Every structure is written in C-alpha cells, then in structure tokens.
Amino acid sequence: VSQSRYAMMISTTIRPKVNIGHKRVGLVLFSTGDANVLRLSNGTGLGLNGSIDLVQNTMLSLVWNGSVWSETSRNN
C-alpha cells in the first residue's frame, strides 16, 4: 500500500491465483470509485501494456492464455 493523491492506493504485482482449466477465458475489471484505488503492474502471471490505476470509470479487460492474464483492452 502506498500513498498517492487517492485516499488509499493498493499496488500489486503478485501472481493472481485463479484456478482456470481453459485458455481464452476473459475477465473484465471495472472501477466505480476513487476512494480506494487498485494499481496493477506487470508481474508473474500478469501481462499488461504498462501499469494501470483502477480509478473511477476505468475498465481493464484481460484474457487467460494458459500461463498469464494478458491485457486485451483498457480505458482510463
């Protein structure tokens, strides 16, 4: 957890542990507020096109390719 312009910033590069048996499963993350912000960065199990802060009305779409969650799109 780090301080920023938001009330609370949670930053992670940890490997997201989700038990998925099939490739090409999608996941969409959508943030509805700025009170607590989640920052995602590249790390083991997460392949992003750069870090992203999930602030109000931010959406991140990911797909499981069998080894990592890969970013397919974002709006921020």
Side-chain angles (χ1 to χ4, degrees):
V1 178
S2 60
Q3 291 297 103
S4 71
R5 62 188 172 133
Y6 308 108
M8 178 182 247
M9 171 69 73
I10 301 167
S11 182
T12 183
T13 57
I14 61 172
R15 183 181 180 95
K17 277 297 225 187
V18 179
N19 189 8
I20 302 248
H22 305 285
K23 292 181 182 179
R24 306 295 300 167
V25 172
L27 174 66
V28 176
L29 302 174
F30 182 76
S31 178
T32 59
D34 281 338
N36 298 305
V37 176
L38 177 65
R39 173 175 287 161
L40 297 174
S41 301
N42 282 321
T44 304
L46 193 57
L48 301 176
N49 297 322
S51 296
I52 184 170
D53 293 342
L54 294 178
V55 297
Q56 188 170 7
N57 298 322
T58 299
M59 184 176 67
L60 175 65
S61 297
L62 304 159
V63 67
W64 179 250
N65 69 12
S67 60
V68 298
W69 287 99
S70 295
E71 178 178 342
T72 57
S73 66
R74 70 168 72 188
N75 75 328
N76 56 338

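Values in this document were obtained by computation on a predicted structure and should not be read as measured data.
Within the 3.5 Å criterion, the main-chain N or O of L48 finds a donor-acceptor partner in the side chain of N42.
Scanning all heavy atoms of the two residues, the minimum distance from W69 to V25 falls at CZ3-O, 3.6 Å.
Not counting sequence neighbours, the partners of S70 by the side chain to side chain contact (heavy atoms under 4.5 Å, CB included) test are V63, N65, V68. A search for side chain to side chain contact (heavy atoms under 4.5 Å, CB included) contacts involving S31 returns L54, not counting sequence neighbours. Among residues two or more places apart in sequence or in another chain, the side chain to side chain donor-acceptor pair (under 3.5 Å) test is passed with S51 by S41.
Tested against F30 for a side chain to side chain contact (heavy atoms under 4.5 Å, CB included), the candidates N57, N75, L60 yield a single pass: N57.
Taken from CG in L29 to CE in M59, the straight-line distance is 10.0 Å, to the nearest 0.5 Å.
Residue pairs meeting the salt bridge (Lys or Arg N to Asp or Glu O under 4.0 Å) criterion with at least one partner in residues 57-76, sequence neighbours excluded, are E71-R74.
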